[in-house]
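A quick write-up on the structure given underneath.
This one's a predicted model, so the numbers in the text were calculated from it and none came from an experiment.
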Amino acid sequence: MKSLKIRDLTLRDGQQSAFATRMTQAQIDRVLPFYKDAGFYAMEVWGGAVPDSVMRYLGENPWSRLELVHAAVGGVSKLTALSRGRNLFGYQPYPDNIIEGFCRNSIESGLGIMRIFDALNDVDNVASTIKYVKQYGGIADCAVCYTIDPKYPKLSFFDKLKGKKTPAPVFTDEYFLDKVKQMVALGADMITIKDMSGLIPPRRVYDMVTLFKKHVSIPIDFHTHCTPGLGLASVVSAIAAGADIVDTNIWNFAGGPAAPALELIWVFCKKMGIKVEANMEAVAKINKELLGIRAELCDFDAVKITAKAFDPLKDKIPAEIDALFDTAVTAAQQVDEETLVDACHKIESYFGFPPPNELVKAAEVPGGMYTNMVAQLKQLGNEDILPRSMELIPVVRLDSGLPPLVTPTSQIVGAQAVNCAIDEKNGKPLYTTKSVQFVNMVKGEYGKTPVAVDPAFREKITGSPIETNYDTSKHKMQPNPELEQCGGVLLAENEKEVLLLELFPMVARDYLTRTKCALYAADAEKRAAEEAAKAAAKAAAEPVRVKIIPFSTLTVDAPLPGRVLSFMVKPGDKVNEKTDVFVLEAMKMENNIAAEAVGTVKRLLVNVGDTVGAGEPVVELE
């Protein structure tokens with residue numbers, strides 16, 4: 001009997017897609033004993049947003065998350081992490097010494113498989129990670145990011161008379177096969193078709209799996225999401241085409257913005273004569289615990305729709321629903337896409353999974369990118385411009401070289417579309433407000449885009465028409481100061497902490513400072529007087545945050561809510577309308593904020609690291 005391996009995504013992609021990556025270590029500990037019995041081929045537990053979120057929101061150590069899961073599960077399932085190639089987890093290319101250290105420490109901490117992808121599908125950007133993962137005994141899972149060509153506007157009669165033509169398709173099956181062959185040549189141990197948007201239709205994934213298996217001999221995995229309503233049907237189609245591994249979530253964390261439910265895949269495979277390599281009794285125990293955890297995470301629930309309770313080992317499926325499974329299996333085997341999708345929609349509807357998100361489907365963006373944009377616009381108080389922001393995504397994407405919409409390019413493109421919509425609302429030209437990351441992507445510092453950026457557009461955005469690739473030789477390590485307030489210990493005291501500081505500068509700085517100060521404060525009684533004196537001296541030396549500014553005072557204000565990362569000026573400096581004054585982190589992007597008038601810097605009104613609201617004064621001029 002043919003068998004199918006399962007990569008369980010519940011503890012990483014599942015909770016990230018559905019619950020904003022808010023699962024605590026204590027919640028994860030409750031399900032780990034059952035995971036040891038479940039016998040999944042792989043468990044995705046790390047990477048993606050996990051390291052950032054556990055520090056930023058939970059005050060936990062990302063390395064401990066990986067090590068504790070490994071200690072509980074052991075070698076039963078290979079632990080998987082998601083890595084963005086040369087960008088790792090950040091928004092910049094890192095030099096090989098950082099990549100090497102990250103890969104080595106990950107594998108030493110229990111990682112078995114590194115899923116490596118590049119947001120631009122630039123294979124050069126994954127080469128170093130492949131090398132070091134394999135060097136230290138890990139499995140290099142290389143992902144090709146599925147994306148589609150934009151919907152170009154129809155050419156008018158006069159456009160055709162002028163000789164204009166609709167651009168030829170870029171993202172063909174041959175394009176993806178070429179990427180796969182290049183990654184295999186670099187040493188890939190397996191290939192994943194990574195459909196982060198959930199937009200790949202069943203027929204397309206069937207053709208791609210068939211094509212890849214014809215040309216390469218390593219295992220093929222398929223990863224997708226259910227947001228636009230194609231996920232379940234496409235996974236069934238991938239299985240019919242011979243995929244070796246599929247990515248799923250356990251029932252109570254499945255569907256909607258997440259991957260399809262394992263339990264439904266199990267039913268399909270039973271009808272297809274395929275053995276699913278998982279202990280479904282243990283899966284049922286995990287699922288029972290997840291229901292309670294889901295209730296605890298209700299404030300972060302992206303859809304707030306819970307599917308009906310279902311255990312495929314115990315619960316009888318009604319005859320009419322069972323017939324739908326049979327119809328879907330036949331349709332998958334005959335590559336009848338329309339019938340397959342229709343049957344899967346009816347099955348999901350019966351079990352109470354979220355319906356297809358038609359807006360995401362029409363916009364052709366990842367569900368996570370969509371929810372991020374909604375949250376960002378809500379924070380900015382500009383929910384009314386969401387439709388226009390969505391319309392501008394294809395425009396921004398086309399202008400910037402057709403990057404696939406996967407982290408970090410999805411975040412860069414999405415944030416820039418929001419910036420453009422705000423520019424337009426304020427009567428300013430598009431691209432008046434540009435994030436540093438968008439400028440760098442257009443410049444070429446993230447690697448080669450699928451199509452070349454128009455030099456005229458590059459000059460408009462970067463000031464030069466010349467493409468400039470990244471140069472990691474100029475990388476500067478993050479400052480690692482002694483924390484006087486914590487007894488003079490280093491902010492990062494070991495290699496793992498140094499890596500956190502490199503990959504998540506602001507978040508790790510805050511987390512490590514809090515952690516070190518908490519440890520130091522354990523002996524606070526002894527040092528109370530000393531600490532009070534140091535705090536007073538420090539407060540006297542730092543600029544005072546001034547909230548009340550005379551109405552007539554000239555200031556440089558924050559255009560968006562965010563956190564001040566750095567200042568480019570000091571009191572006494574002369575500025576004009578083009579002078580960059582400070583860097584503001586907003587929507588995870590860095591924005592250089594310029595003065596809008598000629599003047600002299602009188603004082604800085606906030607400290608580096610302070611959070612400011614939209615319109616709040618940051619620098620006072622005279």
Looking at D122 and G447, would you say the former's side chain and the latter's main chain have a donor-acceptor pair under 3.5 Å? no
Residue E596 excluded, over 12 heavy atoms near CD under 6.0 Å: no
So do the side chains of V612 and D557 get within less than 4.5 Å of each other, counting heavy atoms only? no
Run the side chain to side chain contact (heavy atoms under 4.5 Å, CB included) test against D384 and tell me which residues pass, sequence neighbours left out. N382, K425
Would a 4.5 Å heavy-atom cut-off, applied to side chains only, mark E577 and V598 as touching? yes
Might you work through the side chain to side chain contact (heavy atoms under 4.5 Å, CB included) test for V569 and V575, ending with a clear yes or no? CA-CA 9 Å; V569 296; V575 300; 4.1 Å; yes
If the condition is side chain to side chain contact (heavy atoms under 4.5 Å, CB included), which residues does K574 pass it with, not counting sequence neighbours? T600
Indicate whether any N or O donor in one side chain lies under 3.5 Å from an N or O acceptor in the other, for N87 and Q92. no
Indicate yes or no for a side-chain donor-acceptor contact from D399 to the backbone of V396 under 3.5 Å, with no hydrogens or angles considered. no
Are the side chains of N125 and P93 in contact, using a 4.5 Å heavy-atom criterion? no
Before you tell me yes or no, could you show the steps for D510 and R563 under salt bridge (charged side-chain N to carboxylate O under 4.0 Å, His left out), namely the whole-Å CA-CA distance, both residues' side-chain angles and the distance that decides it to 0.1 Å? CA-CA 12 Å; D510 291 350; R563 182 156 57 165; 2.5 Å; yes
Find out whether L491 and K516 are in side-chain contact, i.e. whether some heavy atom of one side chain is under 4.5 Å from a heavy atom of the other. no
Among residues two or more places apart or on two chains, list those pairs meeting salt bridge (charged side-chain N to carboxylate O under 4.0 Å, His left out) that have a residue in residues 80-92. R86-D96
Stepwise salt bridge (charged side-chain N to carboxylate O under 4.0 Å, His left out) test for R104 and E100: CA-CA 6 Å; R104 173 168 41 80; E100 184 273 336; 2.9 Å; yes
D423-T433 side chain donor-acceptor pair, cut-off 3.5 Å: yes
Is the shortest side-chain heavy-atom distance between V583 and D580 below 4.5 Å? no
Check: T24 main-chain N/O paired with Q27 side-chain donor or acceptor under 3.5 Å: yes
Report yes or no: does E424 contribute a side-chain atom to a donor-acceptor pair with the main-chain N or O of L430 at less than 3.5 Å? no
Surrounding NZ of K134 (heavy atoms of other residues, nucleotides or ligands, distance under 6.0 Å), is the total greater than 12? yes
4.5 Å side-chain heavy-atom contact, L79 and V69: yes
Identify the heavy atoms of P404 and M196 that sit nearest to each other, and give their distance. CB-CE, 4.4 Å
Between W46 and F89, what is the ring plane arrangement, given parallel below 30°, perpendicular above 60°, and tilted in between? perpendicular
Residues passing the ring-ring contact (aromatic ring centres under 6.0 Å, His included) test with Y132, sequence neighbours excluded, are none
Less than 3.5 Å apart, any donor N or O on the side chain of T192 or D141 sitting next to an acceptor on the other? yes
Using the salt bridge (charged side-chain N to carboxylate O under 4.0 Å, His left out) rule, take K496 and E67 through it: C-alpha gap first, then chi angles, then the decisive distance, then the call. CA-CA 12 Å; K496 288 181 178 177; E67 291 159 0; 2.5 Å; yes
Stepwise side chain to side chain contact (heavy atoms under 4.5 Å, CB included) test for R65 and Q25: CA-CA 7 Å; R65 171 70 57 98; Q25 186 63 49; 3.0 Å; yes
Which atom pair, heavy atoms only, marks the closest approach of I466 to R458? O-CD, 3.4 Å
Any side-chain donor paired with an acceptor under 3.5 Å for S17 and R12? no
Going by heavy atoms in the side chains, are P617 and V556 under 4.5 Å from each other? no
Taking C-beta and beyond as the side chain, do T129 and C103 meet within less than 4.5 Å on heavy atoms? yes
Run the numbers on Y446 and Q437 for side chain to side chain contact (heavy atoms under 4.5 Å, CB included), then give the verdict. CA-CA 9 Å; Y446 283 86; Q437 286 74 20; 3.3 Å; yes
M23 vs L11, test: side chain to side chain contact (heavy atoms under 4.5 Å, CB included). Steps then yes/no. CA-CA 8 Å; M23 280 188 80; L11 301 183; 4.0 Å; yes
So, K378 and E383, do they make that salt bridge, N to O below 4.0 Å? no
Side chain E108, main chain N105, donor-acceptor under 3.5 Å: no
Does anything in residues 474-498 form a ring pair (Phe, Tyr, Trp, His ring centres under 6.0 Å)? List the pairs, not counting sequence neighbours. Y94-H475
Where at least one partner belongs to residues 433-452, residue pairs that pass salt bridge (charged side-chain N to carboxylate O under 4.0 Å, His left out), sequence neighbours excluded: K443-E445, K448-E467
Look at the rings of Y431 and F457 and say which category their plane angle falls in: under 30° parallel, 30 to 60° tilted, over 60° perpendicular. perpendicular
